[in-house]
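To start, the structure under review is shown below, and the notes come after it.
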Amino acid sequence: MIRVVLVDDQPLLRSGFRALLDLEDDIEVVAEASDGEEGLALVKRHLPDIALIDIRMPVLDGIEATRCIAADPALAGVHVVILTNYGLDEYVFDALRAGAAGFLVKDIVPEDFLHAVRVAARGDALLAPSITRKLIDRYVALPLRTGTGTGLEKLTNREREAVALVAQGLSNDEIADRMVISPMTAKTHLNRAMTKLHCRDRAQLVVRAYESGLVVPPNS
């Protein structure tokens, strides 16, 4: 059973998401909140698999709530998925840097929403390759921040290669083809890189790759 805490300050949207999730046999909404502070308290109380958190809320916004969850070792098993009306914007990037596993635009079709929740709960690639590519395209427009002590020297050459390919938007199968390895080995390289770099997911690996200079945006 996938346990979810739902945090959104819009009652109609929150009830809609809950109704959709409650129809699934393998998903349970254990609590819901209308602001980030209440949501954070419920996450600590229920220790869900997934925290679906609106990015802009009163009292405590989604970015700060995400940062608090990511910084708490007791909540290491909680995957934060950001809900946004706005698509890729500065708030989304701040949320990813704060430790969010990924994000969903609120007008997502129900089938994709449910699939994303299940993928996030598995701890797999929490951003689909198409979304990762959009993330990269948007990131290219931002100033490159290097020299931030990202610790890439801890990675083996193969792990660095895998991270660089993730940052180019490749899926695990595509990485495996490029590196001439199995998809399972590709996933192992990425999992080890995430552990060494203290990244919760591949979304943060993408950000880390650009911030470290491992991958340089085109035309930079």
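Quick note: residue numbers are just sequence positions, from 1.
- Of all heavy-atom pairs between G36 and A65, the closest is O-CB, 4.3 Å.
- By the rule that hydrophobic residues join a cluster once side-chain heavy atoms approach within less than 4.5 Å of another member, I27 and L13 end up as members of separate clusters.
- In the hydrophobic clustering of this structure, L20 groups with L104; members are Ile, Leu, Val, Met, Phe, Trp, Tyr whose side-chain heavy atoms approach within less than 4.5 Å, directly or through other members.
- For the pair I2 and E28, the minimum side-chain heavy-atom distance is 4.5 Å or more.
- Summarising the geometry, atom CG belonging to L197 is positioned 11.0 Å from atom CG belonging to L190; distances are rounded to the nearest 0.5 Å.
- Taking 4.5 Å as the limit, every side-chain heavy atom of R14 sits out of range of all side-chain heavy atoms of V7.
- In this structure, NZ on K106 lies 11.0 Å from CG on L52, to the nearest 0.5 angstrom.
- In this structure, D61 CG and I55 CD1 are separated by 8.0 Å, a value rounded to the nearest 0.5 Å.
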Start with the C-alpha gap between T185 and T188, add the side-chain angles, then the distance that decides, and say whether side chain to side chain donor-acceptor pair (under 3.5 Å) holds. CA-CA 5 Å; T185 301; T188 297; 5.7 Å; no

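- Taking 4.0 Å as the cut-off between side-chain N and carboxylate O, K154 and E159 do not count as a salt-bridged pair.
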Between E161 and I175, is a side chain to side chain contact (heavy atoms under 4.5 Å, CB included) present by the stated rule, with each step listed? CA-CA 9 Å; E161 184 179 355; I175 292 170; over 6 Å; no

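- Under a hydrophobic-cluster definition in which Ile, Leu, Val, Met, Phe, Trp and Tyr are linked whenever side-chain heavy atoms come within less than 4.5 Å, directly or via other members, I108 and V29 are assigned to the same cluster.
- L165 places none of its side-chain heavy atoms less than 4.5 Å from the side chain of V163.
- V4 pairs with exactly one of V30, L21, V81, D22 by the side chain to side chain contact (heavy atoms under 4.5 Å, CB included) rule, that one being L21.
- For residues 35-51, no pair satisfies salt bridge (charged side-chain N to carboxylate O under 4.0 Å, His left out), with sequence neighbours left out.
- M179 approaches H189 most closely through the heavy-atom pair CE-CD2, 4.0 Å.
- How far CG of L40 is from CD of E64: 10.5 Å, rounded to the nearest 0.5 Å.
- Looking at V5 and I50, their side chains never come closer than 4.5 Å, going by heavy atoms from C-beta outward.
- Note that OG of S15 is 8.0 Å distant from CD of E32, once rounded to the nearest 0.5 Å.
- In this structure, D8 CG and I53 CD1 are separated by 10.5 Å, a value rounded to the nearest 0.5 Å.
- At a threshold of 4.0 Å, the pair R56-D9 does not count as salt-bridged, since none of the basic side-chain nitrogens sits closer than that to a carboxylate oxygen.
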